Asker: 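First, the structure itself, so that you have it in front of you.
One-based numbering along the sequence shown. Computed from a prediction, not measured in an experiment: that's the story for all the values here.
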Amino acid sequence: MAKIMNLGEVVDRNAFGDAIFLIEVAPDGSSRNLTYPQLHRDADALARGLTRRGLKRGERIGILAGNSAEYLIAYIGIMRAGLVPVPINFKLPRDTIDYIIGDSKIALMLVDEARAGFVCSIPSVRMDEYAAWKDLLDPGEIAPLQMQDGEFATILYTSGSTGRPKGVPLTHGGYVWVVDVLTAAAPPFKGKRALVAAPLYHMNALIQSLLIGVAGGTVVMLRQFSARAYLEAAAGFRCEMVTAVPTMFALAARETDLLETLDLSHVQSAKSGSAPATDALFDRLAKMFPNAPVTNWWGTTESGPVAFGAHPGGVARPKLALGYPLPDTELKLVDGPNGNEGVLWVRSKAITPGYLNLPAETAKKFKDGWYNTGDVMIRDADGFYYFVGRADDMFVCGGENVYPGEVEMLLERHPGVAQAVVLPVADEIKGQIPVAFIVRRPDAKCDVDDIKKFAIEHGPAYQHPRFVEFVTEMPLAGTNKIDRRVLAERAAKSFVR
């Protein structure tokens, strides 16, 4: 039988028997299970129900809700109907959500109780209201729908940290290929459990859930992230794989009292992705998960998670390395001092065809199938790539280039530092100077002078933070990454020379 080109069909309908696809974990610790047959039955019923409503191939369906089993059923079912899911970050301002609805021409919204009031301009259905959800479903089988390579499978929106979010269409051809590449590169995962706690409006959680389903594993999904709930789920459900963005892992690492009571020796793989990580964080993760290799994963909304993998010669991946280029993915480093350092450009089947409704922005970032990631990287002698910083984040202090990520990695080597964020502020003499926000480790006694002294002794003097502020926790954006914009505004008001 020919392979179906539809991202909603990548999880095999006839494999894995009555195995559990999803364990949904509520904030109070209770859980419910969704089996593979239930997933397929409900996704088909949703596809039939959407078609029954008169929605036509290629129309867009918004999803504005927290993590749930229904969210994944909806995501898969929408694509099976030939429609395009548009997951929306519900932490965005109301006017930005309205902008996304209009920009992507959403025809129907799927919401939950907490977000139902956000939508009034178009029809919506509550996914967490039994009667409304049941009425939307039309039970019965469907014939798998073959999509064209270039048809949109989903539309994601960038975080909008530098302005309005940009729509990023991802194609069926590109992402069925992504699933094939990552499945071939991954270790066997049938019958194993993987913890997914990132929000489902982010590709990190969506693609991980699909990959686990393709492999016949079980997704253990938190409806709402908290550091303690994350650790308790990892231990309580004996997860073999854990994934998170670095901020989530950093918050978990601070729960020292809880960690002393948990057995996490069953974890076989810990994956950090979607944001830069540091040596210090990886060292803490190695202690948290003593039998799990800790790996750093990289991807962007525009180019997907298929740039890096294992070394073909079996060379062990160094700590913090993003990996070695995967087959069928082209990489190049541009505008650096040599061929092994510069801004990363990527070309592969996963690349978005361009930003939605933004031809000028598309022309800036895409050329001849190549995508300019804006990430500055270096390549070592074995061909492994490492993240240095964002080209846009780099600033000049007294004629020297400063990459905040490098300074953060340095500061987190201090024994009293749990997290560090470095930002520039204006200075009449130097142009811009580094300042730092620091979260101390539990019971640490370090002060401002300790931090400055450590930075000067262990790195170039020009990049040491001229001002330091200690905070109890970092502000988080909707994707559980650190909200640098909030800290930048705070720094501009607080640190004045």
Side-chain angles (χ1 to χ4, degrees), residues 3-11 75-76 78-79 84-87 104 146-159 165-186 198 200-215 243 271 273-275 295-310 312 322-334 343-356 358 361-375 377 385 387 479:
K3 185 179 181 69
I4 298 297
M5 184 62 69
N6 187 322
L7 188 59
E9 297 286 353
V10 293
V11 179
Y75 185 72
I76 292 170
I78 290 167
M79 292 187 291
V84 184
V86 184
S104 57
Q146 184 76 256
M147 305 299 290
Q148 298 299 312
D149 270 18
E151 286 186 273
F152 295 172
T154 188
I155 299 172
L156 300 178
Y157 275 77
T158 59
S159 60
K166 296 188 284 289
V168 182
L170 307 175
T171 66
H172 283 279
Y175 265 72
V176 169
W177 176 79
V178 165
V179 169
D180 288 343
V181 169
L182 294 182
T183 300
L200 287 170
Y201 54 71
H202 192 274
M203 179 49 77
N204 182 303
L206 287 173
I207 195 66
Q208 288 291 348
S209 299
L210 287 178
L211 289 169
I212 294 161
V214 170
T243 67
K271 294 183 178 182
S274 299
T295 51
N296 204 10
W297 290 80
W298 178 92
T300 70
T301 308
E302 293 90 341
S303 63
V306 288
F308 304 110
L322 301 174
Y324 188 91
L326 281 169
D328 301 319
T329 297
E330 298 177 81
L331 307 178
K332 62 182 179 180
L333 297 174
V334 177
V343 176
L344 180 71
W345 287 63
V346 180
R347 184 162 65 180
S348 78
K349 287 188 67 172
I351 302 291
T352 177
Y355 294 120
L356 195 67
L358 294 171
E361 289 295 320
T362 298
K364 291 178 184 178
K365 301 290 285 187
F366 301 88
K367 185 176 181 181
D368 299 328
W370 288 92
Y371 166 61
N372 175 2
T373 70
D375 285 347
M377 298 195 181
Y385 283 69
F387 178 84
T479 52

Asker: State which residues pass side chain to side chain donor-acceptor pair (under 3.5 Å) with S303; sequence neighbours excluded, sorted by chain then number.
Answerer: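 Side chain to side chain donor-acceptor pair (under 3.5 Å) check on S303 returns T300.
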Asker: For the atom pair NE2 (H202) and CG (L156), what is the distance rounded to the nearest 0.5 Å?
Answerer: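 Between atom NE2 of H202 and atom CG of L156 there are 8.5 Å.
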Asker: List the atom of P353, the atom of P169, and the distance in Å for their closest heavy-atom pair.
Answerer: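 Where P353 meets P169 most closely, the heavy atoms are CD-O, 3.5 Å.
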Asker: For A153, check side-chain contact (heavy atoms from CB on, under 4.5 Å) against everything at least two apart and list the hits.
Answerer: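 Counting only residues at least two positions away or on another chain, A153 forms a side-chain contact (heavy atoms from CB on, under 4.5 Å) with L7, M79, H172.
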Asker: What are the two closest non-hydrogen atoms of A205 and A198, and how far apart are they?
Answerer: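 Reported closest heavy-atom pair: CB-O, 3.5 Å.
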Asker: Give a yes or no answer on whether the side chain of K365 reaches the backbone of N372 with a donor-acceptor pair at less than 3.5 Å.
Answerer: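 Here the side-chain-to-backbone pair exists.
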Asker: Can you spot which of T301, L356, V168 makes a side-chain contact (heavy atoms from CB on, under 4.5 Å) with Y157?
Answerer: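 It is L356; the other options fail the test.
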Asker: For T373, what residues pass the side-chain contact (heavy atoms from CB on, under 4.5 Å) criterion, not counting sequence neighbours?
Answerer: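 Expected list: W298, L344, V346, Y371, D375.
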Asker: How would you list, by chain and number, every residue that makes a salt bridge (Lys or Arg N to Asp or Glu O under 4.0 Å) with K364, sequence neighbours excluded?
Answerer: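 Here the qualifying residues are E361.
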Asker: Looking at side-chain heavy atoms only, is the closest gap between V84 and I78 below 4.5 Å?
Answerer: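 No. Closest side-chain heavy atoms not under 4.5 Å.
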Asker: Do M203 and L170 touch side chain to side chain, with heavy atoms closer than 4.5 Å?
Answerer: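 M203 vs L170: side chains touch.
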Asker: Apply side-chain contact (heavy atoms from CB on, under 4.5 Å) to D180 and list each qualifying residue two or more places apart in sequence or on a separate chain.
Answerer: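 Checked D180 against side-chain contact (heavy atoms from CB on, under 4.5 Å); matches are K3, V176.
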Asker: The criterion is side-chain contact (heavy atoms from CB on, under 4.5 Å); which residues satisfy it with V178, sequence neighbours excluded?
Answerer: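 side-chain contact (heavy atoms from CB on, under 4.5 Å) list for V178, sorted by chain: Y175, L182, I207, P305, V306, A350.
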Asker: Please check this pair: side chain of T329 against backbone of A307, looking for a donor-acceptor N/O pair closer than 3.5 Å.
Answerer: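 Absent.
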Asker: Sequence neighbours left out, what passes salt bridge (Lys or Arg N to Asp or Glu O under 4.0 Å) with E151? Give chain and number order.
Answerer: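 Checked E151 against salt bridge (Lys or Arg N to Asp or Glu O under 4.0 Å); matches are R57.
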Asker: Holding to side chain to side chain donor-acceptor pair (under 3.5 Å), I want the full list of residues that pass it with K332, two or more places apart in sequence or in another chain.
Answerer: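 K332 satisfies side chain to side chain donor-acceptor pair (under 3.5 Å) with no residue once adjacent residues are dropped.
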Asker: Would you please name every residue forming a side chain to side chain donor-acceptor pair (under 3.5 Å) with Y75, sequence neighbours left out?
Answerer: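 In terms of side chain to side chain donor-acceptor pair (under 3.5 Å), with neighbours along the sequence ignored, Y75 is linked to no residue.
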Asker: Which atoms form the tightest heavy-atom contact between V214 and V11, and what is the distance?
Answerer: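 For V214 and V11, the tightest heavy-atom pair comes out as N-CG2, 4.1 Å.
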Asker: Just how far is it from atom CE of M5 to atom CD of Q146, taken to the nearest 0.5 Å?
Answerer: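 The CD atom of Q146 is 6.5 Å from CE of M5, to the nearest 0.5 Å.
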Asker: Given side chains that start at C-beta, do those of L200 and P87 come closer than 4.5 Å, heavy atoms only?
Answerer: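 Of all side-chain heavy-atom pairs linking P87 with L200, none is under 4.5 Å.
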Asker: Enumerate the residue pairs fulfilling side-chain hydrogen bond (donor to acceptor under 3.5 Å, both in side chains) with a member in residues 345-354, sequence neighbours excluded, ordered by first and then second residue.
Answerer: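 Non-adjacent pairs meeting side-chain hydrogen bond (donor to acceptor under 3.5 Å, both in side chains): E330-R347.
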Asker: Angle class for the Y355/F366 ring planes (parallel below 30°, perpendicular above 60°, tilted otherwise)?
Answerer: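 Ring orientation, 0 to 90° scale: perpendicular.
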Asker: Please lay out, stage by stage, how Y385 and L333 fare under the test side chain to side chain contact (heavy atoms under 4.5 Å, CB included).
Answerer: CA-CA 10 Å; Y385 283 69; L333 297 174; 4.0 Å; yes
Asker: Does T158 reach the main-chain N or O of K166 with its side chain, forming a donor-acceptor pair under 3.5 Å?
Answerer: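 The answer is yes, because a donor-acceptor pair under 3.5 Å joins these two groups.
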Asker: What heavy-atom pair brings F308 and G323 nearest, and what distance separates the two atoms?
Answerer: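 Here F308 and G323 meet closest at CD2-O, 3.7 Å.
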